[in-house]
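Comments concern the structure below.
As a basis for the values below, the full set of heavy atoms in this structure was taken, side chains included, without hydrogen atoms, waters or symmetry mates. Chain naming here is simple, since letters A, B, ... match the order of the sequence lines and numbering starts at 1 in each.
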2 protein chains.
Amino acid sequence: MTVTIKDVAKVAKVAPSTVSRVISNSPRISERTKEKVREAMKELGYHPNFNARSLANQSTKTIGIIMPNSANKTFQNPFFPEVIRGISTKAHQLEYGLYLSTGQSDEEIIEEVQHMVQGKRVDGIILLYSKVNDKVLKYLHEQDFPFTLIGRPYDESLFNITYVNNDNFKAAKTVTEYLLLLGHKQIAFVGGNLDNVVTIDHMQGYNQALRNAGIEPRDEYIVFHEELQEGGQEAVIDLMSLTERPTALIVADDIMTFGVMRMLSEMEVRVPEDISIISFNNVMISELSAPPMTTVDINIYSLGYEAANLLIDKILHPSVEPKKMIVPHKMIKRETCRRLVEKGGAKRESM
Amino acid sequence: MTVTIKDVAKVAKVAPSTVSRVISNSPRISERTKEKVREAMKELGYHPNFNARSLANQSTKTIGIIMPNSANKTFQNPFFPEVIRGISTKAHQLEYGLYLSTGQSDEEIIEEVQHMVQGKRVDGIILLYSKVNDKVLKYLHEQDFPFTLIGRPYDESLFNITYVNNDNFKAAKTVTEYLLLLGHKQIAFVGGNLDNVVTIDHMQGYNQALRNAGIEPRDEYIVFHEELQEGGQEAVIDLMSLTERPTALIVADDIMTFGVMRMLSEMEVRVPEDISIISFNNVMISELSAPPMTTVDINIYSLGYEAANLLIDKILHPSVEPKKMIVPHKMIKRETCRRLVEKGGAKRESM
DNA sequence: GTGAAAGCGCTAACAG
DNA sequence: CTGTTAGCGCTTTCAC
């Protein structure tokens, strides 16, 4: 009942192999028979069977996407739809399909990845997160399976892989310098999970900027929290309980910033009058906070798009050297940062 | 170089078919040979080839997920990661994989769906959106291909399909009644795209509640906007330009509400003092608005989970009748609604 | 330019 | 309980 290549062959009065050649548009087939075959295909409503092709070809034309484990709240970050949109665009252009991981825990995920690669379910993999000592990364590298990482490898032994990242160190440094320029000296850093490489890079950029300005980073001003919203709220409590409250905050993620701002407003600390905030990512909703947040646009869409691009390249040319790519970031000034008002409180200049 | 069933067979000194039986854990194989075979598999590092299985089985153990076209901003709604998390959980339990659509336009999507089903790339499909006159829906139904819809069919001829939905009519009605109870009479409705069935249901619930209260719905109080954030903002401008401004707003979607609140605060209209707002979905961030929004929790995760559940059921038992399922919703009262203050402005009671 | 036939890796019907 | 064999639907040498 399913119409196969053979049926088409019969109707077109040619051999199955000829039909196959027409499908792949082989130049060694005459236009006349091509026409004949194509007609037969239309007539019968023929569609190539994907699994048969994959089996014969040893290629699936599909990309595996590994998300962080879905139990984690980060999963709901609008970051992901946006990277996927980027990946999706490139994939679609080159007629690749997307296969999604479903694991809820790290063990489930590594297992799944193994199934994907050993079972030849995908031609390559994109890792949507990068954390310290990641088993998945290590496994993929050992297997020499085509993959790209969004983020950067942490382990030295894994430096030589294909990845696309932002210059997160630089971004954090710039952002810190900006706050410094606005007169802030008590700048706190609210990071995400310390296992994420991006958190480490942010922190180092922050530290560097402070040191360059002759300010020694203070431990009490550096806090990390796993969960996005709750984390943001807890961080605020910790920070605002200090005798010397920070006058500015650098927050790891826009969603976390929502939590931070929420908590601050509950405590009746005004943004930016009492405290300045700057964060990272610039997801869709970040312009909708009250007040709209100043943040670093990391070009999420491009991260996805380029990751797909590099991956497909790797799939097609397995032997070429791994490529690294840095997607530019850009600070988006909105309304959560302001020049620090002097003790006396004379001028109030907003930036 | 890839290790196949034959290699295992050789090492274990059995026939390939026996190995196959061990894989599917057939009860007709003695424990002894099972052990022997399993050992050989470990030893060789054997992993079943997915495409070969799919081909022989006529089953892929994967579910296709059709998102709205990714060009659309709704794509970035945190709604999607959350439904997918639900789908993912069920799928993982039953060892199904997830295959994602990548189309950027409606044409691309319908094409993709056809490839998926005709090419036998997936065993079933979940539609993540439901809109009026949807070609995809129609096609799937014509083909009698297993699928479930998240939302409900609009076209009568398609009533008899499997779907999971909320009672959106009821939810909108309740919400309207709630505002009515708070003394509001000038209640506006800010809907999403009128092509979405959910918008229609919301509107009808709203209309019904008003009529029941003896209030004739006014055209000026009903606006629709496609885009989430911008839409929210435009809607506010339209509504606030009326001579008789509404005192309460029912907004289609939490993200849109962020846009609405942003615009309102720019216009220095205070929420909830000057205007009450209630919206739908209760996505993760909705509790982080300032003030935190009152909204209807539609249980997004369950929508996904149940959709996967019904779909897999359908895949396994194709002949059983289509099932419909209504996921309960629940109003989450937070801080954007308040009793209408009488003209004189005596009491101020918050709810 | 086109056909015949082997094979991708696995499953399942039929024997025994 | 286990082996033999014939496919699943397509690609790809190797002939002609």
Output the rounded distance in Å from [atom1] ([X]) to [atom2] ([N]).
X     : N      : atom1 : atom2 : value
B/K6  : C/dC10 : NZ    : C1'   : 10 Å
B/N49 : C/dC10 : CG    : C1'   : 8 Å
A/K10 : C/dA4  : NZ    : P     : 13 Å
A/E31 : C/dT2  : CD    : P     : 10 Å
A/E35 : C/dG1  : CD    : P     : 17 Å
B/H47 : C/dC10 : NE2   : C1'   : 16 Å
B/N57 : C/dT11 : CG    : C1'   : 6 Å
B/L55 : D/dG7  : CG    : P     : 14 Å

Would you indicate, yes or no, if [N] has its OP1 or OP2 atom less than 4.0 angstrom from a side-chain nitrogen or oxygen of [X]?
X     : N     : value
B/N51 : D/dC8 : no
B/T18 : D/dG3 : yes
A/T33 : C/dT2 : yes
A/T4  : D/dG9 : no

Nearest nucleotide by nearest heavy atom, which residue falls closer to the 5' end of DNA chain D, B/K13 or B/A56? B/K13
Starting at the 5' end of DNA chain D, which residue's closest nucleotide do you reach first, B/V14 or B/Q58?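 Its nucleotide being nearer the 5' end, the pick is B/V14.
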Which part of the nucleic acid, if any, lies within contact of [X], taking any heavy atom under 4.0 Å across all strands shown: a base, the sugar-phosphate backbone alone, or nothing?
X     : answer
B/R53 : sugar-phosphate
B/S30 : sugar-phosphate
B/F50 : nothing

On the side chain of [X], is there an atom forming a donor-acceptor pair with the base of [N] - under 3.5 Å, no angle test?
X     : N     : value
A/S17 : C/dA5 : no
B/R32 : D/dT2 : no
B/R28 : D/dT2 : yes

Considering the options A/Q93, A/K90, A/R85, A/H92, which one meets the side-chain hydrogen bond (donor to acceptor under 3.5 Å, both in side chains) requirement together with B/T102? A/H92
Check every atom of [options] against the side chain of [X] and return the nucleotide holding the closest atom.
X     : options               : answer
B/I23 : C/dT11, D/dG3, D/dT11 : C/dT11
A/I5  : C/dT11, D/dT11, C/dT2 : D/dT11
A/P48 : D/dC10, C/dG9, D/dG3  : D/dC10

Treating B/S101 as the side-chain partner and B/G103 as the backbone partner, does any N or O pair qualify as donor plus acceptor under 3.5 Å?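 Between the backbone of B/G103 and the side chain of B/S101 there is no qualifying donor-acceptor contact (under 3.5 Å).
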State the CD-OG1 distance between B/E35 and B/T33, to the nearest 0.5 angstrom. 9.5 Å
Which is more 5' along DNA chain C, the nucleotide nearest B/A52 or the one nearest A/P27? Just name the residue.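 Checking each residue's closest nucleotide, the 5'-ward one belongs to A/P27.
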Between B/T89 and B/Y301, is any pair of side-chain heavy atoms under 4.5 Å apart?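 A side-chain contact under 4.5 Å exists here.
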Under 4.5 Å between any side-chain heavy atoms of B/V113 and B/F145, yes or no? no
Regarding A/K34 and A/N25, is there a side-chain donor-to-acceptor distance under 3.5 Å anywhere? yes
